[in-house]
Amino acid sequence: MITGVNSVSVYVLDLERALHFYVQTLGFKVHTHIVLEPGMRWVSVCSDWDPELQLMLIPVEEGVLFNAAQASKLRELLEQNIFSCGVFRCRDLLATYKTLKSRGVRFLMEPGEGFLGQYEAAFLDNSGNWFRLTQDSNAF
């Protein structure tokens, strides 16, 4: 039976910009960085609080994973900000919100009552993926 999650794919418009956003803005660290061939890399990031869970930053471009039409369609969908990629948690939502906002993170929802009555916010990464951010006193 399934015992956990090892990695989650996050499709990004530009790998360099996404890597900067996840590391410099959100505070993740590079877990894996492999150059497969010139112009083709595989990069994943993780957090200090859960280093085993990787976010694989997958560039949406024509090549191994996508043909030209697929890449074009997926880029168009990303630009519409419709993909909800997950929920992050933090100890102090208001403080985290203020820190991320000061770093230029675009919030779709400021801290308040959200889905199922949780205290949460919602933000976009720089590729159009959005994430919820919830307060959890047991978070690391």
Side-chain angles (χ1 to χ4, degrees):
M1 295 305 295
I2 296 172
T3 60
V5 176
N6 183 60
S7 61
V8 175
S9 296
V10 178
Y11 296 110
V12 298
L13 297 174
D14 180 289
L15 183 56
E16 284 304 319
R17 286 185 59 236
L19 190 55
H20 184 269
F21 179 84
Y22 282 88
V23 173
Q24 300 301 320
T25 305
L26 296 184
F28 287 84
K29 63 183 181 182
V30 174
H31 181 280
T32 304
H33 185 181
I34 299 171
V35 177
L36 301 170
E37 60 183 57
M40 185 185 300
R41 300 183 301 161
W42 181 64
V43 180
S44 68
V45 296
C46 65
S47 67
D48 286 332
W49 41 267
D50 193 357
E52 296 302 313
L53 177 59
Q54 300 173 54
L55 297 179
M56 297 186 316
L57 305 178
I58 309 293
V60 178
E61 54 194 27
E62 183 179 358
V64 175
L65 294 179
F66 308 108
N67 64 35
Q70 292 168 329
S72 177
K73 286 178 186 177
L74 186 48
R75 291 177 74 78
E76 183 180 315
L77 290 171
L78 279 167
E79 291 167 354
Q80 293 177 29
N81 306 330
I82 63 171
F83 291 115
S84 172
C85 293
V87 181
F88 294 121
R89 61 184 182 160
C90 62
R91 247 186 213 284
D92 184 336
L93 180 60
L94 187 57
T96 302
Y97 164 80
K98 287 178 180 179
T99 298
L100 294 179
K101 187 134 176 123
S102 75
R103 294 178 183 174
V105 174
R106 183 173 152 214
F107 278 82
L108 299 172
M109 182 183 116
E110 294 183 2
E113 185 175 334
F115 187 65
L116 300 177
Q118 291 177 264
Y119 183 47
E120 66 183 11
F123 68 90
L124 286 169
D125 72 2
N126 59 358
S127 290
N129 298 297
W130 62 275
F131 296 88
R132 288 178 31 236
L133 179 63
T134 62
Q135 182 164 300
D136 181 349
S137 60
N138 294 316
F140 296 99

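Values in this document were obtained by computation on a predicted structure and should not be read as measured data.
- Note on Leu116: it does not cluster hydrophobically with Val87, by side-chain heavy-atom contacts below 4.5 Å among ILVMFWY residues.
- Leu94 and Pro111 make their closest contact through CD1-CG, 4.3 Å (heavy atoms, listed as atom of the first residue, atom of the second, distance).
- Contact record, Ala122 with Trp130: CB-CE3, 4.4 Å, taken as the closest heavy-atom pair.
- Closest approach of Arg75 to Val60, counting heavy atoms only: NH1-O, 3.0 Å.
- Nearest heavy-atom pair, Ala71 versus Glu61, reported as atom, atom and distance to 0.1 Å: CB-C, 3.8 Å.
- The shortest distance between side-chain heavy atoms of Phe123 and Leu26 falls below 4.5 Å.
- When hydrophobic clusters are built by joining Ile, Leu, Val, Met, Phe, Trp and Tyr residues whose side-chain heavy atoms come closer than 4.5 Å, directly or via intermediates, Ile58 is not grouped with Val35.
- Shown here is Gln80, whose CD atom has more than 12 heavy atoms of other residues, nucleotides or ligands within 6.0 Å.
- Cluster annotation: Phe88 and Val45 are assigned to the same hydrophobic cluster (Ile/Leu/Val/Met/Phe/Trp/Tyr, side-chain heavy-atom contacts under 4.5 Å, transitive).
- Residue Arg91 holds its CZ atom at 13.0 Å from CH2 of Trp49, rounded to the nearest 0.5 Å.
- Hydrophobic clustering (side-chain heavy atoms under 4.5 Å, transitive across Ile, Leu, Val, Met, Phe, Trp, Tyr) groups Leu13 together with Tyr11.
- With hydrogens and angles disregarded, no donor-acceptor distance shorter than 3.5 Å links the side chain of Arg106 to the backbone of Leu124.
- No side-chain donor-acceptor contact under 3.5 Å links Gln135 to the backbone of Tyr119.
- To the nearest 0.5 angstrom, Arg132 atom CZ is 13.0 Å from Cys85 atom SG.
- For the atom pair Asn81 CG and Asp125 CG, the distance stands at 9.0 Å (nearest 0.5 Å).
- Contact of the Leu133 side chain with the Cys90 side chain is registered, since non-hydrogen atoms from C-beta on lie closer than 4.5 Å.
- Put simply, Leu108 and Val105 are part of two different groups of oily side chains (I, L, V, M, F, W, Y) that touch within less than 4.5 Å, one to the next.
- When side chains are defined from C-beta on, Cys46 counts as touching Lys29, because their heavy atoms get closer than 4.5 Å.
- Of all non-hydrogen atoms in Thr25 and Arg103, the two that sit nearest each other are O-NH1, 2.7 Å.
- Looking only at side-chain heavy atoms (C-beta outward), Thr134 and Leu93 stay at 4.5 Å or farther from each other.
- In this structure, the side chain of Thr99 engages the main chain of Ala95 through a donor-acceptor pair within 3.5 Å.
- Tyr22 approaches Val10 most closely through the heavy-atom pair OH-CG1, 3.5 Å.
- Rounded to the nearest 0.5 angstrom, Ser7 OG and Leu53 CG are separated by 8.0 Å.
- Considering CZ of Arg17 and OG of Ser127, their distance stands at 6.5 Å, rounded to 0.5 Å.
- The closest side-chain heavy-atom distance from Arg41 to Glu16 is below 4.5 Å.
- Residues Leu74 and Phe83 have side chains in contact (heavy-atom distance under 4.5 Å, counting atoms from C-beta outward).
- Taking the ring centroids of Phe107 and Tyr97, they lie under the 6.0 Å cut-off.
- Of the possible polar contacts, none joining the Asp48 side chain to the Pro51 backbone as a donor-acceptor pair under 3.5 Å is found.
- The closest donor-acceptor contact from the side chain of Thr32 to the backbone of Ser44 lies at 3.5 Å or more, if one exists at all.
- A distance of 12.0 Å separates NE2 in His20 from CG in Asp14, rounded to the nearest 0.5 Å.
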